[in-house]
Amino acid sequence: MKNLILLIILLSVSLINAQAYIGKGDNKFQVGANLQENGSGINVSYDFGIGENISIGISSTYLLGINDILKNNANEDLNADFDNRFDVRARFNANLGNVINVDPNFDLYPGLSLGLKNFGGHLGARYFFTEGFGIYTELNVPFAKYKTENLTAAETLHNQFTINFGASFNL
């Protein structure tokens with residue numbers, strides 16, 4: 001009986017065929033954590049495939065936890081209000097999973113983003129364990145900030161190197 005169960009499990013795992021990016025019409029939804037200096041929060045993103053290796057989408061981050069110096073500070077310029085905690089970005093990805101051909105379940109995607117705080121770039125990777133579920137990570141960096149003078153600590157939120165990681169879903 002144990003051998004039969006083991007055989008069924010092995011066959012089930014071998015029949016799983018997940019692909020990280022299938023091209024035009026592909027839909028990905030991701031939800032995860034955002035980590036940056038002086039704050040951490042939640043990140044959600046959606047990508048839609050418009051070509052064999054190109055997708056466009058939207059990403060949004062809200063910082064739930066921020067450094068104590070940015071909360072209820074006597075100096076109003078240091079307080080991190082909603083507009084400092086929130087960011088939304090339009091994004092463009094070059095999905096290179098089938099180009100580098102590491103594994104059909106793996107996708108590497110460099111991209112550009114245009115947000116409320118800056119113009120930047122990201123490098124992401126995702127791996128799918130099943131047809132609908134996987135994990136992802138993204139490294140984000142600003143290339144051009146909209147405000148060029150010295151930024152307060154609250155204004156540096158989303159205007160610095162950030163890391164996102166979490167779950168990815170095929171829709």
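Note that the structure is a prediction, hence the values are computed from the model and not measured. Below, all heavy atoms of this structure are taken into account, side chains as well, without hydrogens, waters or symmetry copies.
The salt bridge (charged side-chain N to carboxylate O under 4.0 Å, His left out) pairs that include a residue from residues 156-169 number zero, where partners must be two or more places apart or lie in different chains.
Put simply, the side chain of Gln36 never gets that close to the backbone of Leu157: no donor and acceptor are under 3.5 Å apart. One N or O on the side chain of Gln160 and one on the backbone of Glu37 form a donor-acceptor pair closer than 3.5 Å. A donor-acceptor distance shorter than 3.5 angstrom exists from the side chain of Asp103 to the backbone of Asn105, with no hydrogens or angles considered. No donor-acceptor pair under 3.5 Å is formed between the side chain of Asn118 and the backbone N or O of Ala144.
Val99 belongs to a hydrophobic cluster whose other members, connected by ILVMFWY side-chain contacts under 4.5 Å either directly or through intermediates, are Leu96.
In this structure, Phe128 has its ring center at least 6.0 angstrom away from the ring center of Phe133.
Using the six-membered ring where Trp is involved, Tyr46 and Phe48 have ring planes that are parallel, under 30° apart on the 30 and 60° scheme.
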List the atom pairs, donor and acceptor, that lie under 3.5 Å between side-chain atoms in residues 108-117 and the rest of the protein, sequence neighbours left out.
residue: Tyr109; atom: OH; partner: Glu138; partner atom: OE2; Å: 2.9
residue: Ser113; atom: OG; partner: Arg89; partner atom: NH1; Å: 3.2
residue: Lys117; atom: NZ; partner: Asp83; partner atom: O; Å: 2.2

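Judged as a side-chain contact (heavy atoms from CB on, under 4.5 Å), and not counting sequence neighbours, Ala90 has no contacts. Qualifying side-chain contact (heavy atoms from CB on, under 4.5 Å) partners for Phe92, counting only residues two or more places apart in sequence or in other chains: Ile54, Ile56. By the ring-ring contact (aromatic ring centres under 6.0 Å, His included) test, Phe29 pairs with no residue at all, sequence neighbours left out. Residues satisfying the ring-ring contact (aromatic ring centres under 6.0 Å, His included) criterion with Tyr62, sequence neighbours excluded, are Phe82. Asn43 is linked by a side-chain hydrogen bond (donor to acceptor under 3.5 Å, both in side chains) to Ser59, Thr61, Tyr136, counting only residues two or more places apart in sequence or in another chain. Applying the side-chain contact (heavy atoms from CB on, under 4.5 Å) criterion to Ser60, with sequence neighbours excluded, gives Val44, Phe86, Val88.
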